[in-house]
2 protein chains.
Amino acid sequence: MFKKVLIAEDHESSNISIRKALEDFGCLNNDHVYYCDDALKRINHALKTGNEYDLLITDLSFEEDEIPQTIGTGTELIKAVKELQPNIKVLVFSAESKGAIIDNLFKELNINAFVRKARRDVTELKQAFDAICNQKTYLSASLRRSIQYSNAYEFKEFDIILISLLSKGVLQKDIPTHLKAKKIKPSGLSSVEKRLNYMKEVLSFNNNEQLIAFCKDIGVI
Amino acid sequence: MFKKVLIAEDHESSNISIRKALEDFGCLNNDHVYYCDDALKRINHALKTGNEYDLLITDLSFEEDEIPQTIGTGTELIKAVKELQPNIKVLVFSAESKGAIIDNLFKELNINAFVRKARRDVTELKQAFDAICNQKTYLSASLRRSIQYSNAYEFKEFDIILISLLSKGVLQKDIPTHLKAKKIKPSGLSSVEKRLNYMKEVLSFNNNEQLIAFCKDIGVI
DNA sequence: GATATACTTACGGGAATCCGTAAAAGAAGA
DNA sequence: TCTTCTTTTACGGATTCCCGTAAGTATATC
């Protein structure tokens with residue numbers, strides 16, 4: 001069982017349901033905040049006073065309002081929290097469904113569970129609590145299949161740079177200039193062309209527009 | 001006060017929070033369903049047995065799963081319900097934030113309240129209950145101002161057809177063929193070019209890739 | 001029927017992209 | 001150091017796209 005849990009979730013309705021799920025699970029010692037900055041403060045304070053949290057439940061997207069925040073997203077929050085307290089368990093509760101993004105959370109940030117806001121989300125939350133208690137990871141049922149399959153092609157860092165530049169309105173012929181400015185290794189126009197053509201060939205796409213649409217769909221940009 | 005309320009919301013977490021908000025407001029006589037079809041059945045049955053609902057709370061988007069549904073969206077549900085029981089009050093609880101869509105709900109479907117799933121959504125739900133009880137309409141605070149402004153450019157049906165074709169990999173020069181096949185009115189290549197250029201000019205974009213990325217972001221494709 | 005207006009299509013020159021080939025530059029191993 | 005192999009860059013022709021102009025078509029008004 002968890003000794004102490006912190007909930008970071010801006011939507012009042014989700015926040016309430018998470019608390020209720022925790023209480024149903026038998027965990028009554030939980031705090032909740034509506035802003036990332038507050039979450040980090042709590043984590044920090046708890047560490048200093050010697051009664052740290054052992055689980056952080058957080059959303060990914062937090063809406064901006066009149067109160068300016070240093071940390072604006074769940075991803076940033078997790079990074080900051082893990083620097084303070086590397087051993088903390090993390091459960092992400094979000095409406096995100098793009099495989100690439102969720103995959104990255106497990107691989108890069110070592111989160112312990114991802115529950116998607118969806119039909120049976122509260123049931124899944126409790127299953128995730130259980131998994132974490134048993135030192136296992138948890139991923140929403142609806143996402144388990146589609147997590148690998150979307151990776152028909154693994155986008156390298158260079159690929160994503162090219163695609164991002166295009167989607168920001170940089171013309172293909174101007175990409176070498178941008179690459180040189182950022183000292184990125186292959187910067188010739190031919191390399192750019194070759195790489196874009198290679199991606200389209202592997203994915204059997206016909207034009208750049210289709211490539212951009214695909215990358216937006218799976219969340220790599 | 002409401003005599004009887006029906007909640008149609010597929011997300012378990014939101015469903016729970018709505019129920020809790022209703023109970024906090026003092027309304028204990030409420031039913032909840034997770035599918036539109038079930039909602040319509042309940043409305044129908046209640047009418048026949050003479051103890052009809054006086055408020056329907058519904059989401060807009062319902063996720064498909066293994067159980068096939070006749071009614072798939074909140075908008076369709078509201079239409080169907082109003083045909084059975086025109087006097088029923090309707091509160092829409094959704095993450096939707098596009099002014100055009102919400103505006104349409106009030107104008108075309110005569111809904112009584114729209115609460116956006118956001119930071120203070122439960123508080124707003126209670127304010128909306130209060131407004132409806134007093135025969136008033138309610139709209140989330142964050143949406144009251146920005147109801148028009150989000151439309152930097154209103155995409156017409158033709159625009160979306162063009163963008164969709166491109167994002168599916170159809171080359172620009174081949175678009176006229178597709179348009180003629182579907183008997184879409186302006187089908188000349190020049191018209192296609194002109195329209196794409198117009199969109200890019202209005203949005204001050206440099207290339208098609210940027211346009212595709214934008215449309216993916218705001219959800220028109 | 002003539003005219004005006006708006007919209008659609010056709011055409012052509014120039015720019016950008018596509019695509020193959022070849023030269024140049026690095027990297028690795030003997 | 002030289003050779004071999006890989007990667008990057010340079011170049012050029014074909015294709016596609018961009019963009020302005022002109023011609024065609026439809027509708028409405030008088």
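All figures in this text were calculated on a predicted structure; none of them were measured in a lab. Every chain is numbered from 1, with letters handed out A, B, ... down the list of sequences.
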Under-4.0 Å side-chain N/O to phosphate OP1/OP2 contact, A:Ser190 with D:dC11:
no
Give the nucleotide from the list [options] with an atom nearest to the side chain of [X].
X	options	answer
A:Asn197	C:dC18, C:dT8, D:dC18	C:dC18
B:Ser191	D:dC18, D:dT9, C:dT8	C:dT8
B:Lys173	D:dC17, C:dA16, C:dT8	D:dC17

Starting at atom [atom1] of [X], determine the distance to atom [atom2] of [N], rounded to an integer number of angstrom.
X	N	atom1	atom2	answer
A:Asn207	D:dT16	CG	C1'	11 Å
B:Leu171	D:dC18	CG	P	11 Å
A:Leu189	C:dG20	CG	C1'	14 Å
B:Lys180	C:dA10	NZ	C1'	11 Å
B:Glu201	D:dC18	CD	P	14 Å
A:Lys156	D:dT7	NZ	C1'	16 Å
B:Arg195	C:dC7	CZ	C1'	12 Å
A:Phe158	D:dT9	CZ	C1'	12 Å

State plainly whether the residues [X] and [Y] are in salt-bridge range, i.e. N to O under 4.0 Å.
X	Y	answer
A:Glu63	B:Arg116	yes
B:Arg119	A:Glu9	no
A:Lys117	A:Asp59	yes

Regarding C:dC19, can its base be found pairing with the side chain of A:Glu193 as donor and acceptor, where the two atoms are less than 3.5 Å apart?
yes
Evaluate A:Phe114 against A:Tyr138 for ring pair (Phe, Tyr, Trp, His ring centres under 6.0 Å), listing each step before the verdict.
CA-CA 6 Å; A:Phe114 184 94; A:Tyr138 183 88; 9.8 Å; no
Any non-hydrogen side-chain atom of A:Leu203 less than 4.5 Å from a side-chain atom of A:Phe205?
yes
Report the residue (A:Lys194 or A:Asn208) whose heavy-atom-nearest nucleotide on DNA chain C is the more 5′ of the two.
A:Asn208
